[in-house]
2 protein chains.
Amino acid sequence: MARTNGKQSAVERKPVSIRDVADASGVSLTTVSLILNNGDQRISEPTRARVLTAIERLGYRPNRLAQGLQNRRSNILAILVPHLRHTFADPYFGELISGIYDRANRSGYKILLEAAGRSFLREKRYLDLFDRCFVDGMLFMGSTDEHRFLHRFRDRKRPFILVNNTWPGLDHVVADYRAAGRLAAEHLVGLGHRRIGMIHGAGDVETARLLIAGFAETLAQHGVELPASCMEDGFYTEEGGAAAAEKLITANPSLTAIFTGNDKMAAGAIQRLQALGRRVPSDVSVVGCDDITQAAFVTPSLTTIRTPLYELGRRSCQRLIERLRGKDEPCQEVLPVELTVRQSTAPAAS
Amino acid sequence: MARTNGKQSAVERKPVSIRDVADASGVSLTTVSLILNNGDQRISEPTRARVLTAIERLGYRPNRLAQGLQNRRSNILAILVPHLRHTFADPYFGELISGIYDRANRSGYKILLEAAGRSFLREKRYLDLFDRCFVDGMLFMGSTDEHRFLHRFRDRKRPFILVNNTWPGLDHVVADYRAAGRLAAEHLVGLGHRRIGMIHGAGDVETARLLIAGFAETLAQHGVELPASCMEDGFYTEEGGAAAAEKLITANPSLTAIFTGNDKMAAGAIQRLQALGRRVPSDVSVVGCDDITQAAFVTPSLTTIRTPLYELGRRSCQRLIERLRGKDEPCQEVLPVELTVRQSTAPAAS
DNA sequence: GTGAAAGCGCTAACAA
DNA sequence: TTGTTAGCGCTTTCAC
């Protein structure tokens, strides 16, 4: 791999080293290090004070490359996202990232961003991140069944957490999507809806399957069918949701309610339904999933199942940090979801 | 500063070093390094092949902490965002980040995420990021006049780029906000609006002032006033936009159009206007700014000024990388904006 | 209590 | 064409 062979860099900075501090305070380099790392032991108060003063005065900061080289830790965690178009602009990922960031920051960990593109996976660069000492641990969000590389983390040799999805043998923190499906179904059935459609996310995502299962099961318990003709894939995007809504309503004109696998698809669906002359919610009710910030600001505001994205991020990171601290128990944590009722659902028309 | 004193880490991994490769292929460690770094020079073909094979077989990856320690580079760039609530979930920042990420990735740079919280600024940790060799360069977005620490980067000793804002003496890449204001004004005036309000972002943001200036100037050129009573701060949030819209329309019931400093405020404004019984756009037209993805999926879909966020991110990162490669010219780049007409604007009613 | 010295994994003069 | 060697800045035994 070619290196950028440019000049060293246009800048020159004072590299104050531990050596300088030692000289300035008339002690050995060991003493300085001891004071920095070993806390209260040994070193006499006067010496300690002198060194601390020198550190302050010189503005010394330990070089973390040198530190890391020594103790084999980078103090950086990687967040891996799938390679989609402008992935980081998606509020779903953004909420998770915010939660992870805040938790990591609290414990002094830095966050490295990485998108799992084709070459990244092909060249197994996710291993590099660990083996080249870039990061101490990794969190992956947005996984699908296609992400076969996840196998490699089952040996638990590299600290790894799957965020808001599951995979056999991997540690994860996930929202209760089965319950999400159930809550949506109960809400709609409770409003008297009987002819209901669903716009789901990709079929190769475990949580999407759980959501569908929970939704269909609960409808069935109430004697409501969810035939294949009432199911459409919305690909988790606004455009996909819009197209799916159009297909659904065209194929099943009598539909009075639609449940979507995320809020983006719901926003797209609402817009398309209105464009097709259906009023929401008086003609058709729509229930979303996730409760991203924007859900409250579409018109009508979206009734949705709240998955605690920020908290999922926090907890995932918490678990990873525990792991890094030596706790070696498998982790399968499920966080509860709840119904948030707004303006996009109403009693069935007929 | 206390270190996490936990166990080394629950895991143990094969650390294949350059030493191992050298031994395995019967050459010196230097030879291996030369092959890795110096490209095609010197080394004979047979030797090179032998070494490359060994590298492959052992799965050797150079430890970047060691590399970095040597050549004082981390190959990591920091993205600094202001510390707001769930900052990373904001599509505005997300688009910029996506652009930066993609450009950085193309040149082999990693991205480190950092939020500029109180302690981060107070303790000057932005300097640590450089001086402790965490990163080679930094991009900052979401800056305000309050971010005084920006002064410290004027000496150009540390590669730094301001993203989508300006600051005296700092390199930046920014959208043409004055033109954005002008385009919005021309659009509304062109539709016959004369009683126009504005919901602006914070007054301590230079781009917000430029936007206001461009908007007011152009209205004035067309003989339209923009009195103080028609200006409200929306704090760049949906809730703020909603509250501002209510104030505006209450104080000036005859308003027929509102321009907002970003799309989030526009979404909030639209929702509140509708809640107050005003139809958008037939009673009141609304123009947003930025054109985030969600702008197309509020109801009615939002007419807005497109600032090329993703491209701003890309260019900013491009500039930073050029800087890292030794180019030392100041950079003040302005990217054009354009009007995107959708459903939220219509000819003036009266 | 404090310091000398070895070594983390790598790069790059300088020799050979 | 290849190898020897001296660090990069830090941590950590082990002596004193």
Side-chain angles (χ1 to χ4, degrees), chain A residues 1 3-5 8-9 12-51 55 58 60-75 128 130-134, chain B residues 1 3-5 8-9 12-51 55 58 60-75 128 130-134:
Chain A
M1 190 183 309
R3 291 266 177 303
T4 56
N5 64 345
Q8 162 62 22
S9 164
E12 223 52 60
R13 278 193 311 280
K14 53 119 210 254
V16 179
S17 81
I18 195 169
R19 178 78 264 164
D20 301 320
V21 176
D23 292 350
S25 45
V27 299
S28 86
L29 165 169
T30 310
T31 307
V32 179
S33 176
L34 251 26
I35 291 177
L36 250 32
N37 299 308
N38 265 355
D40 294 348
Q41 295 158 17
R42 330 223 287 228
I43 315 300
S44 70
E45 240 353 285
T47 308
R48 164 197 256 45
R50 203 144 34 87
V51 170
I55 287 177
L58 297 175
Y60 166 71
R61 310 284 178 187
N63 178 320
R64 57 164 289 279
L65 293 174
Q67 285 184 320
L69 183 56
Q70 182 65 232
N71 52 218
R72 315 192 64 69
R73 291 213 254 88
S74 67
N75 272 296
D128 279 29
F130 284 97
D131 299 347
R132 301 191 57 198
C133 290
F134 264 107
Chain B
M1 190 184 307
R3 292 263 177 303
T4 57
N5 65 345
Q8 162 62 21
S9 163
E12 223 51 60
R13 278 193 311 282
K14 52 121 210 256
V16 180
S17 82
I18 195 171
R19 179 77 263 166
D20 301 320
V21 175
D23 291 348
S25 44
V27 299
S28 87
L29 165 169
T30 310
T31 306
V32 179
S33 176
L34 249 28
I35 291 177
L36 250 32
N37 299 307
N38 264 355
D40 294 349
Q41 295 157 18
R42 328 221 290 225
I43 316 299
S44 71
E45 243 347 290
T47 309
R48 166 197 255 41
R50 203 144 35 87
V51 170
I55 287 177
L58 296 174
Y60 166 71
R61 310 285 178 186
N63 178 321
R64 59 163 290 281
L65 292 173
Q67 286 183 320
L69 183 56
Q70 181 64 232
N71 52 218
R72 316 192 64 69
R73 293 214 255 84
S74 67
N75 272 294
D128 280 28
F130 284 97
D131 300 347
R132 300 191 57 198
C133 290
F134 265 106

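Atom set for the values below is all heavy atoms of this structure, side chains included, hydrogens, waters and symmetry mates excluded. Note that the coordinates shown come from a computational prediction; the quantities given were computed from them, not determined experimentally. Convention: sequence-line order gives letters A, B, ...; per-chain numbering from 1.
Listed candidates were C:dT11, D:dC10, C:dT2. Nearest to the side chain of B:Ile18 is C:dT11.
In terms of position on DNA chain D, the residue among B:Leu69 and B:Val27 whose nearest nucleotide sits closer to the 5' end is B:Val27. Along DNA chain D, the nucleotide nearest B:Gln70 and the nucleotide nearest B:Arg50 are compared for position; the residue whose nucleotide lies closer to the 5' end is B:Arg50.
Distances shorter than 4.0 Å separate some side-chain N or O of B:Ser33 from OP1 or OP2 on C:dT11. For B:Thr31 and D:dT2, the shortest distance from a side-chain N or O to OP1 or OP2 is not below 4.0 Å. Between B:Gln67 and C:dG9, a side-chain N or O to OP1/OP2 separation shorter than 4.0 Å is absent. OP1 or OP2 of C:dT11 has at least one side-chain nitrogen or oxygen of B:Asn37 nearer than 4.0 Å. Distances shorter than 4.0 Å separate some side-chain N or O of A:Arg72 from OP1 or OP2 on C:dG9. Under 4.0 angstrom from either OP1 or OP2 of D:dC8 there lies no side-chain N or O belonging to A:Ser17.
Atom pair B:Ile55:CD1 and C:dC10:P shows a separation of 10 Å (rounding to whole Å applied). Taking atom CG of residue A:Leu34 and atom P of nucleotide C:dA4, one finds them 14 Å apart after rounding to whole Å. Rounded to whole angstrom, the span from the CG atom of B:Leu65 across to the P atom of C:dG9 amounts to 10 Å. Spacing between atom CG of A:Asn63 and atom C1' of D:dG7 amounts to 14 Å, rounded to whole angstrom units. In this structure, A:Ile35 places its CD1 atom 12 Å from P of D:dT11, rounding to the nearest Å. Distance, B:Asn71 CG to C:dC10 C1': 9 Å, rounded to whole Å. The distance between atom CD1 of A:Ile43 and atom P of D:dT11, rounded to the nearest whole Å, is 13 Å. Nucleotide D:dT2 holds its P atom 17 Å from the CG atom of B:Asp23, rounded to whole Å.
For the pair A:Leu65 and B:Arg73, the tightest heavy-atom approach, listed with the atom from each and the gap, is CD1-O, 4.4 Å.
Contacts of A:Leu29 with the nucleic acid, taken as non-hydrogen atoms under 4.0 Å apart, include base atoms.
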side-chain hydrogen bond (donor to acceptor under 3.5 Å, both in side chains) between A:Ser33 and A:Thr30, intermediate numbers included: CA-CA 5 Å; A:Ser33 176; A:Thr30 310; over 6 Å; no
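Between the side chain of A:Thr30 and the base of C:dA4 there is at least one donor-acceptor pair of N/O atoms closer than 3.5 Å.
Defined by atom type and a distance below 3.5 Å, a donor-acceptor pair is present between the side-chain atoms of A:Gln67 and B:Arg132.
A salt bridge does not link B:Asp131 to A:Arg61: none of the charged nitrogens lies less than 4.0 Å from a carboxylate oxygen.
A heavy-atom distance below 4.5 Å is found between the side chains of A:Tyr60 and A:Ile18.
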